[in-house]
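So you know, we letter chains A, B, ... as the sequences are listed, proteins then strands, and number each from 1. Just so it is clear, the values below take in all heavy atoms, side chains as well, and ignore hydrogens, waters and symmetry mates.
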Amino acid sequence: MGIFQKLFQSKEQKLKAQKYRLGMEKTRKSMSSLKEVLTNSKKIDEALFDKLEEIFIMADIGIDTVVLFIDALRKEVSHLKIEKPIDLENIIVDKMFDLYLKGDIIDTNIRFNDSGLTLILFVGVNGTGKTTSIGKMAYKLKQEGKTVMLAAGDTFRAGAINQLKIWGDRVGCSVITKAEGSDPSSVIYDAIHEAKKQNIDVLLCDTAGRLQNKVNLMKELDKINRTIKRELPNTIYESYLVIDATTGQNGLNQAKVFKEATDISGIVLTKLDGTAKGGIVLAIRNELNIPISFVGLGEKITDLDYFDIENYIYGLFADFFE
Amino acid sequence: MAFENLTSRMQMAFRRITGKAKLTENDIEEMMKEVRLSLLEADVNYKVVKEFTSEVKAIALGEKIMKGLDPGQQVVKVVNDELVKLMGTEAVLVRFNETRPTVIMMVGLQGAGKTTTAGKLGYYLRKNHAKKPLLIAADIYRPAAIDQLITVGNQLEIPVFSLGIDVNPREIVKEGLKKANAEGFDLVIIDTAGRLHINETLMDELIDIKKIVKPDEILLTVDAMTGQDAVNVSMAFNEALEITGCILTKLDGDTRGGAALSIRKMTGIPIKFAGTGEKLTEIELFHPERMASRILGMGDVLTLIEKAQEEIDEDEAMSMMEKMMSGHFNFNDLLKQMKMIKRMGAFSGILKFLPGMSQLQNIDKVDDKQLVYVEAIIHSMTPEERKNPELISRSSSRRNRVAKGSGRSTTEVNRLIGMLDKQRDMMKRFQGMNPASIEKMGQNPTGQPSSVNKGKGKGKGGFRI
Ligand SMILES: Nc1nc2c(ncn2[C@@H]2O[C@H](COP(=O)(O)OP(=O)(O)OP(=O)(O)O)[C@@H](O)[C@H]2O)c(=O)[nH]1
Ligand SMILES: [Mg+2]
């Protein structure tokens, strides 16, 4: 029995996975379904591999990764002497898992600092959903019984501070702010001290959106990190890179450059409630070893979930399993 | 560069075919594979790439290879030409309404940059078209979206109309329009909330707003980093609203921006503006041609090809070459040659395309001032002297006369004569080469004709005075 049959035996699991269902009928018509492709192909040939390639590329999986993937698939087919297209089903899924897991056990849980303050930094290019994800995560952590504080480290974009304040109100946690235009490091410095004073469990730090090719803005991140390391010595903290699922190949660049500037420990993949599949994160994991930690599935306060590779792959090929 | 560009990809493919006189269908096929990968890397939609490459293949097959380009470059040229054609010519700006305030509706996904762009657009149209803009804050959903627009408005000194977040956007735009009419604003820009194209409730809201305000323009704001989904998004927005134009944001990033091509090809919507920075003044008209080469990721090669086309009259170059070979190279020819090279400016790479010119690597070091001096000296010669350099080199009185007439020293005149001699001398080396091998030198930039001695740099710097 293939891993997927196993996976989706239980109804709840399938329902939960439905949340990951990407795309609606209306827009899906433009997209070839994997199932259709496999059942309609008479034999495994170049035309079929082309079709598969199309499906992966349409999901924004990195081009190099797709090429590698198809190659591996080819080898497997000749190695196992597979002839019926439909038999590719399990192989594709298994290979997708391999691609993501790479034989590791990935623990994407937040690494809490049991003896004191846990800090989480959110970074990313403009408009990906950093501030919103912070709001949602604050809610989630509070639900889990933690005390939470927010730091308005985006002192640049108009309205950013108020945006975070509103999220603070919604969640019911305090937000440390300074005037617009202040040094973001100093906001985070203040917040760390305030959080320590109030014995807060988790401090979530917002930062301004920045394009990864802006050298000065990337240096600013460096300064923020130095501040954190100075104020919280010998403490591990998470740096999440927030990536919008509609992002194409540039996502890989984003991950590369942000990883150099700040030690990215995981990705928050947002806007998966749209029709984009965010496949670039597979390339990011494959090439840069950065795992996905959370997914954003909407604009509501509850729309943040731990990343689950099984559900994600299910969503990637939703059509496949109907 | 973080991404591999088409140039390097194509160069790999070229390596296999350089030296060939003609392209086979197979060669084109090979190169199309590279073009295809490059476009996919740039986020051009899979289907668009497929159609595009098959169209280009057909065109490339029937195309004659231009003199001065190698077959690979010829293919790049065809690809680029088609891409430019597809991207369209410079788009019409904004249709202004003559009888009432012009109304522009900004729509798009979350985080695309609508609010910032609404402000930028107000700034741009006020500055360049003397408009008096009013911004309407119709995003009641995203926390602090109205604050953001008000701050933007304050920074630009553009008034913002808002009714807070407890009023329906339909009502807000109605009231906003009233205000615009009453207070003499002639441009209204509506900032709507970001929404998913598959959210029917919110798409219906936009359809209603459209009915109410009867906009002159509905501009879809698209993040330049968008991947394959750009097609779904733009088609859905277009179906619901009949989009009149597109604004591509965050082009100051390092994305190749293939989404622009996807949108253009699948919907035909013109891209009108480009956002190029976080400052509120950083907006420009969209340039389709620049976008085409950005998507291809090969600006340098394209410039070279363009230059080769524009600046070098192939026949002119050939006849110059023949002159040089015949040993009748004179001062007129020297001047012409220097001007020709000068015209190409800093594109020293272009010399490779000139038959035989790859021998003269440093030719482009001639600076403008020197050219003026050379010109002055040559113009002080009699027509006879220009045609017949021996007259000058044999007579010191002629040299003195020319020096005086041109206001240059006799040393300089002597140096110029020496330079011409060197040129003629070097050209003699080419003699005995057959025309076919000369032809080959033009098409095969790196290959050195075996019958020619490299000159050990003797020819180099021959033009320096
Ligand atoms: N549909 C959907 N929208 C989201 C999601 N996450 C964020 N958004 C929306 O995306 C838009 C931008 O989100 P922000 O949180 O402001 O993004 P940001 O990264 O903080 O933006 P800047 O600070 O301007 O760089 C907002 O309209 C959010 O509501 C998601 O998971 N799904
Ligand atoms: Mg933000």
Side-chain angles (χ1 to χ4, degrees), chain A residues 23-24 26-27 30-31 53-54 57-60 62-64 66-67 125-129 131-132 135 156-167 170 180 208-214 244-254 256-257 270-271 273-280 299, chain B residues 2-4 37 40-47 49-50 109-113 115-116 119 141-152 154-155 194 196-200 223-233 235-236 239 249-250 252-259 266 277-278 280:
Chain A
M24 288 194 8
K26 243 165 91 181
T27 43
S30 63
M31 161 125 182
E53 189 195 58
E54 172 178 353
I57 285 178
M58 291 293 272
D60 284 317
I63 306 301
D64 291 342
V66 171
V67 171
V125 299
N126 313 73
T128 53
T131 310
T132 310
F156 177 79
R157 205 208 64 196
I161 297 170
N162 277 341
Q163 187 184 356
L164 195 70
K165 272 189 189 160
I166 294 173
W167 276 106
R170 285 183 185 175
E180 219 175 284
R210 67 200 74 220
L211 295 176
Q212 70 275 13
N213 60 339
K214 305 278 163 99
D244 181 331
T246 42
T247 310
Q249 305 296 305
N250 193 251
L252 195 55
N253 270 7
Q254 291 171 21
K256 262 183 208 153
V257 181
T270 62
K271 309 187 195 174
D273 47 328
T275 49
K277 302 186 182 247
I280 196 65
E299 297 183 87
Chain B
F3 48 78
E4 239 186 304
L37 278 178
L40 288 174
E41 268 176 1
D43 287 322
V44 180
N45 181 270
Y46 189 87
K47 291 201 163 64
V49 172
K50 209 166 172 179
L109 294 181
Q110 295 98 336
T115 310
T116 312
Y141 307 102
R142 209 206 64 196
I146 296 177
D147 278 353
Q148 185 186 354
L149 192 68
I150 289 174
T151 310
V152 165
N154 277 342
Q155 282 169 10
L196 289 172
H197 51 295
I198 51 174
N199 184 327
E200 287 186 24
D223 187 323
M225 294 176 275
T226 310
Q228 298 288 320
D229 208 37
V231 165
N232 284 338
V233 173
M235 286 189 9
E239 255 166 53
T249 62
K250 309 179 199 173
D252 48 324
D254 58 8
T255 181
R256 302 254 297 273
M266 299 300 280
E278 292 195 69
L280 292 171

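Using a 4.5 Å cut-off between heavy atoms, A:T247 touches chain B through backbone and side chain atoms alike. If you measure heavy-atom distances from A:K165 to chain B, you find no contacts under 4.5 Å at all.
Side-chain N or O atoms of A:D60 include one that pairs as donor or acceptor with a backbone N or O of B:Q228 at under 3.5 Å.
Ion pair B:K47/A:E54 flagged as a salt bridge, since at least one NZ, NE, NH1 or NH2 atom sits closer than 4.0 Å to an Asp/Glu carboxylate oxygen.
Side-chain atoms of A:N253 and A:Q212 include no donor-acceptor pair closer than 3.5 Å.
Contact count against chain A (heavy-atom pairs under 4.5 Å) is highest for B:P143 among B:G227, B:A144, B:P143. Interface check for chain B: of the options A:L164, A:L252, A:I166, A:N213, the most heavy-atom pairs under 4.5 Å are formed by A:N213. When each of A:V257, A:D244, A:T132, A:N162 is scored by its heavy-atom pairs under 4.5 Å with chain B, the top score falls to A:N162.
In terms of the side chain to side chain contact (heavy atoms under 4.5 Å, CB included) criterion, residue partners of A:E53 (sequence neighbours excluded) are, by chain and number, A:I57, A:V66, A:I70, B:R36, B:Y46. Taking B:N154 as the reference, B:I150 meet the side chain to side chain contact (heavy atoms under 4.5 Å, CB included) condition, with sequence neighbours excluded.
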